> 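Take this structure, written in structure tokens, and hold onto it; I'll ask about it next.
Quick caveat: nothing in here was measured; it's all calculated off a predicted structure. Letters A, B, ... mirror the listed sequences (proteins, then strands); counts begin at 1.
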2 protein chains.
Amino acid sequence: MKGIKNKKFIPNLSYDCVIFGFNGINLKILILEYHNTGLFALPGGFIKKNQSLQDAVNKGVEERTGIKNVFLDQFQVFGKPERSDPAAMHRILVANDKNLEKNEWMMDRFITVGHYALINYEDVNPKPDHLSDSIDWYDIDSVPKLMMDHNEIVNKALEVLRNNISEKIIGMNLLPIKFTMKQLQQVFEAILDQTLRRTSFQRKMLSLDILQRHEKLFEGKAHKAPYLYSFK
Amino acid sequence: MKGIKNKKFIPNLSYDCVIFGFNGINLKILILEYHNTGLFALPGGFIKKNQSLQDAVNKGVEERTGIKNVFLDQFQVFGKPERSDPAAMHRILVANDKNLEKNEWMMDRFITVGHYALINYEDVNPKPDHLSDSIDWYDIDSVPKLMMDHNEIVNKALEVLRNNISEKIIGMNLLPIKFTMKQLQQVFEAILDQTLRRTSFQRKMLSLDILQRHEKLFEGKAHKAPYLYSFK
DNA sequence: AATTATTGTCATAAAGTGAGACAATAGAAT
DNA sequence: ATTCTATTGTCTCACTTTATGACAATAATT
């Protein structure tokens, strides 16, 4: 048998996560860069032999963002044998002075469970993992070339986010607890990549009966102050 | 190391498939029963070490139904360690006179990728696999107690089918190529488990511009003959 | 007090849906 | 041949939802 058996993790199975955040203007995702390789990738990881998939992903996202109880949706499994890239993994291990024999299992084929997360941009303090130089926010429309099929995973995540998700879940996770109607509209405009009609949007949101109205927000601007809302 | 290493399949990973069919009245799914165990389960299987997930599922569905190019949607991964049931697997292996040591990997923990398939009931000739007595259609509302978390997988599949799927995909895969408006309505009523208004349904379907009208169908009944339609 | 920019709400038109009416018609009954 | 029956295709009218523009309210500046 080649190499040393991997005792800790389930072999051939990984997760990757597209972590969405909203800075008030653009929709962004977190991308990490591996030491001395120029390789960019999605945050991801492996599942321990006796760990639930959900727990593995939650811990991975928490480690990199510092946020607990993140909204996560497991949206697709990527299972082609060709998607794996042992050469890239080799480069990463070498660049990090890792024992190649001990980590040989990492250069095997991987089937990955694609997730996306929605988090409040303000609350995040991104931390690179032990193999990575950096982890940073990138505008969804200027994501660099990523390793393996990670660009495909990002595109699919965005597609699913656009199609499948309810108003409440999007707003609740990408915005602070209290927000203005305009901010809520901007989140939707960023996700859908199109402008929405202000009056229709406002009427729609109010009619859904998911918002609680609070005090007004006085920003010191020379116009009527908007109400703050939160989700019920 | 316990047992003999599994050389053929990716360990700890399986797929399961909820195969939906429509007999003209009820929505049904295929369920198999293992020899001499009284254990019912969804059709499922493993992924070969160098096989794509999609290929594995396609082959599994084809073997059991005889149908190629089935519509498949991979809808959720079930990844809790507790979902596995080594004792049940043990029973199945014993009842089939299988070598326990050689198949020990089957009694390990499995993460499974849940799929559902939509197929034309008429075209199917269900065939049990080598571990199973039988494979049969069951009405969606009288599914027996299944092993492991398979009932949960069925429920989730139905939920996803109800929520996420377009008119065209449902009709196209659960009906013959040509069908009447009434048949199309009955598929929707079976899936949604509610009656629909005939005139509204007809107007909606025609307005979607996905149907092609063909000749009339003369069934020998004493009333106006309906048109046949197909999807564009 | 007038001005500016933006907000919350209303008015009207346009599009979509629910519910029933009705004529058309394939075959059976007479 | 005519009438009858069950079902289909389409239309109408009321009702609901959505689009679009108008307008008054208002926080801070001029």
> Answer yes or no on whether A/R213 is positioned over the face of A/Y229, meaning its NZ or CZ is under 6.0 Å from the six-membered ring centre and within 45° of the axis.
no
> What is the distance, to the nearest angstrom, from the CG atom on B/L208 to the C1' atom on C/dT17?
13 Å
> How about B/F78 and B/F110: are their ring centroids closer than 6.0 Å?
no
> Would you mind reading off the distance between B/L228 atom CG and D/dG9 atom C1', rounded to a whole angstrom?
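Checked: the CG to C1' distance equals 15 Å.
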> Can you tell me how far P of C/dG18 sits from CG of B/L196, to the nearest Å?
9 Å
> Mapping A/M181 and A/H223 to their closest nucleotides on DNA chain C, which lands nearer the 5' end?
A/H223
> Has the side chain of B/T37 got a donor or acceptor atom that lies under 3.5 Å from a matching backbone atom of B/L39?
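Confirmed, B/T37 side chain pairs with B/L39 backbone.
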> How long is the line joining CD of B/Q183 and P of D/dG9, in whole Å?
12 Å
> Grab the CD-C1' distance between A/Q185 and C/dT6 for me, whole Å please.
12 Å
> Less than 4.0 angstrom between a side-chain N/O of A/T199 and OP1 or OP2 of D/dT20, yes or no?
no
> Can you tell me how far P of C/dG8 sits from CD of A/E215, to the nearest Å?
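From A/E215 CD to C/dG8 P: 13 Å.
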> To the side chain of B/F218, which of C/dA26, D/dA19, C/dT25 is closest?
C/dA26
> Does D/dA19 have OP1 or OP2 under 4.0 Å away from a side-chain N or O of A/R197?
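It does not, given that no N or O in the side chain of A/R197 lies less than 4.0 Å from OP1 or OP2 of D/dA19.
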> 5'-most contact on DNA chain D: B/P226 or A/R203, nearest heavy atom basis?
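The residue closer to the strand's 5' end, by nearest nucleotide, is B/P226.
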> For B/H150 and B/L42, work out which heavy atoms get closest and say how close.
ND1-N, 3.0 Å
> Taking only side-chain N and O atoms of B/K216, does any of them lie within less than 4.0 angstrom of OP1 or OP2 on C/dA26?
yes
> Tell me whether the centres of the aromatic rings in A/F231 and A/F179 are closer together than 6.0 Å.
yes
> Starting at the 5' end of DNA chain D, which residue's closest nucleotide do you reach first, A/K204 or A/A222?
A/K204
> Is the base of C/dG18 touched by the side chain of B/R198 through a donor-acceptor pair closer than 3.5 angstrom?
no
> Please give, in whole Å, the distance from C/dC10 P to A/L206 CG?
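Rounded to the whole Å, the gap is 11 Å.
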> When the distance from NZ of A/K224 to C1' of D/dT26 is rounded to whole Å, what number comes out?
6 Å
